[in-house]
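Order of the sequence lines fixes the chain letters, A, B, ..., with proteins taken first and strands second; residue numbering starts at 1 for each chain. No hydrogens, no waters, no symmetry mates; every other heavy atom, side chains included, goes into these values.
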Amino acid sequence: MNTATGIIKALNSGIKHLAIKRFTLRYPEEKLKFVGDGYQFDPSTGVGIAGSKGRHMLFHDKCTGCQLCSIACEGVAEAIGMVKVPEEHKHNKKAIMPQIDYGKCVFCGLCVDACPFYALYMTNDYELSSFSKEGLIYTPAQLQVKPYVSQDVEIQITNRGATHG
Amino acid sequence: MSKELLPGLALQKVDERIMTLNVGPQHPGSGHMRIIVQIDGDFIVACDPDPGYVHRGEEKMAEYRNYITNIPHLERPVIHDSCNVLYPYVLGVEEILGIEVPERAKYVRVIASELNRCIYTMYWLAIYGIFLGHSTMFMWPAGDRELLIDLMEKMTGARVTHAHFVPGGVRNDLPANFEDVCLRQVNYFEKRIKEYAAVFYDNPILIARTKDTGVLSRQDAIRLGTTGSVLRASGVDYDLRKKEPYDVYDELDVHTNVMKEGDSYARSKVPWLDMMESCNIIRQALQKMPKSGSVRVKLKPNPKGKVFDTVYKRVESGRGSLGCYIVSDAKPEPYRVKLSVGSFRNLIALPYLLKGEKLGNMPSVYWSLNYWPVEADR
């Protein structure tokens, strides 16, 4: 191929993109859809359930304070510490529950795999930014709250190219 | 006054014509490493790559963590190719424990590792484009990579650093309706990367800049021990997916792309052709995959395999052969983990390729070696 045809072909290929749809997610205005409700784990079968690995969610009525999540995190990020909680449950004699530091967490989800009581799941919430380091430490009371995550768009493939919408 | 110098400290002769230039370690065109080049006018006389700026001691860290908590650490060297980095480690631990992995899990692993190879190669291609001043080739791969990252997010829950492979299978099953979405997006992805030919690979400006620069002959490629796309671009048909098939690669039809030229054009084109082959493999795997079944075997607390053992497993990663050597002494932590990576092997060829080249060709030759600084330093 000679030089002139090659350059014209390259320009032509670029000009074609004026006609195809824009493949850009306009992030704060629109947010991607997730599969499922976040990463969960079923200890009876030993297999996880697909989902996004975001902020954790703790079920106070199931947590026994066994510290297995904290032990699982020891070699990874040391993000989980066990803290005293005011309320007392029959199954949680020591009244301790995990507190997670998201400044350290790497969102690998091994703590969820370690929990044998279905007490710790992950949610789709990924917007965790804070103005201080202390703001990134989530207490058991904060982890109890189910987050609201807006899910607007997903990737769609049309004849005029892929787009978010 | 004459001084007795230590043997290694002999003073270098100063030549008025030769200038020593440090490219890096903060230079955007070098990655996290330094390339010391000596130039005579515009021509490179000698080159000394100096890696090691991002050494994080992953191998030593692995000796203090148990086999499961090693997983998020060992995928850190290449976060874009994290499934392939973890693959040999997981295969090795499975051999030590004597676990047989479910059939469906093997196919899921193959799909995940092929998607990861494409994600890595697209990122590499984007950087190659911006190295050559081709901004379009930075924008398009960086955008189209999103199609596959979306698939990996649906599959594993994370965009990068998936921590998806574990000894005994994968951590979670595929989500509902994943096969259709995967097939649709992979088909579109393949259509998109074929369009790169007109704007990049058949572009006369790119050909003029990269043809016949940094030629690595077939003999030199074998003698220097290069792997992966660098070896295949020099005319050696060597791909571990074909030569030493692991998991289910022996049941799939794997085609390798070989080019004879051995210049930086061929080295940049082979990964692009490999991406189309990856799309083929994903389509085959989706078709042959068992529709249901377990994806993970439960590990027993006290394994009864040959736990005093050493294994060496290797896989074909985005940068060539990637091996993992594990020594186990029947403790929860491995006695030794050693990664043998393709990046470091390919870097050895750089001083030979750059001798006599123009300085302007340095970025294209350097990045065509498919080198990832973080992986080489570990």
- request: Under 4.5 Å heavy-atom distance to chain B, tell me which part of I20(A) shows up: side chain, backbone, both or neither.
  value: side chain
- request: Measure L32(A) against the heavy atoms of chain B and call it side chain, backbone, both or neither at under 4.5 Å.
  value: side chain
field: chain A interface, residue from I207(B), D144(B), L147(B) that has the most non-hydrogen pairs under 4.5 Å
entry: L147(B)
query: Using non-hydrogen atoms only, which part of M155(B) is less than 4.5 Å away from chain A: side chain, backbone, both, or neither?
result: backbone
- request: Report yes or no: do Y39(A) and D113(A) form a side-chain donor-acceptor pair below 3.5 Å?
  value: yes
task: Side chain from CB out, backbone as N, CA, C, O: work out which of these in I49(A) comes under 4.5 Å of a heavy atom of chain B, or both, or neither.
output: backbone
query: Among A163(B), A208(B), A198(B), who wins on heavy-atom pairs under 4.5 Å with chain A?
result: A198(B)
message: Under a 3.5 Å cutoff, is there a donor and acceptor pairing between the side chains of T213(B) and S264(B)?
response: yes
query: Can you say whether E75(B) sits under 4.5 Å from chain A via the side chain, the backbone, both, or neither, judging by heavy atoms?
result: neither
- prompt: Using non-hydrogen atoms only, which part of P72(B) is less than 4.5 Å away from chain A: side chain, backbone, both, or neither?
  reply: side chain
message: For F41(A), give me all partners under ring pair (Phe, Tyr, Trp, His ring centres under 6.0 Å), at least two apart in sequence or on another chain.
response: none
field: Interatomic distance, S268(B) atom OG to L125(B) atom CG [nearest 0.5 angstrom]
entry: 8.0 Å
statement: Under 4.5 Å to a heavy atom of chain A? For I68(B) that would be both
- line: Taken to the nearest 0.5 Å, the spacing of L206(B) CG from M137(B) CE works out to 9.0 Å
- line: Given the options N187(B), D180(B), V181(B), L183(B) meets side chain to side chain contact (heavy atoms under 4.5 Å, CB included) only with N187(B)
- line: The ring pair (Phe, Tyr, Trp, His ring centres under 6.0 Å) partners of F107(A) (sequence neighbours excluded) come to Y102(A)
query: When only pairs under 4.5 Å are counted, which of R159(B), R171(B), H164(B) shares the most heavy-atom pairs with chain A?
result: R171(B)
query: Counting a contact as any heavy-atom pair under 4.5 Å apart, which residues of residues 72-84 of chain A contact chain B?
result: A72(A), G75(A), V76(A)
message: Using ring pair (Phe, Tyr, Trp, His ring centres under 6.0 Å), reason through Y196(B) and W272(B) one step at a time and then give a plain yes or no.
response: CA-CA 9 Å; Y196(B) 295 175; W272(B) 176 65; 7.4 Å; no
statement: Cut-off 4.5 Å, heavy atoms of chain A, and the answer for H162(B) is backbone
statement: Whatever's closer than 4.5 Å to a heavy atom in chain B on T24(A) counts as neither
Just distance, no hydrogens or angles: give the donor-acceptor pairs under 3.5 Å from side chains in residues 119-129 of chain A, sequence neighbours left out.
| unit_1 | atom_1 | unit_2 | atom_2 | d |
| --- | --- | --- | --- | --- |
| T123(A) | OG1 | R55(A) | O | 2.6 |
| N124(A) | OD1 | G38(A) | N | 3.4 |
| N124(A) | ND2 | G36(A) | O | 3.3 |
| D125(A) | OD1 | E127(A) | N | 3.4 |
| E127(A) | OE1 | K31(A) | NZ | 3.4 |
| E127(A) | OE2 | Y27(A) | OH | 2.4 |
| E127(A) | OE2 | K31(A) | NZ | 3.2 |

message: Over 60° means perpendicular and under 30° means parallel, so tell me whether F165(B) and Y87(B) are parallel, tilted or perpendicular.
response: perpendicular
field: Which portion of K154(B) sits near chain A, non-hydrogen atoms under 4.5 angstrom
entry: both
message: Which one wins on heavy-atom pair count under 4.5 Å against chain B: G109(A), G54(A), G48(A)?
response: G48(A)
query: Do Y188(B) side-chain atoms and A162(A) backbone N/O form a donor-acceptor pair below 3.5 Å?
result: yes
Y123(B) and H80(B) aromatic ring geometry - parallel, tilted or perpendicular at 30°/60° bounds: parallel
- prompt: When you check the side-chain N and O atoms of H60(A) and E87(A), is any donor under 3.5 Å from an acceptor?
  reply: yes
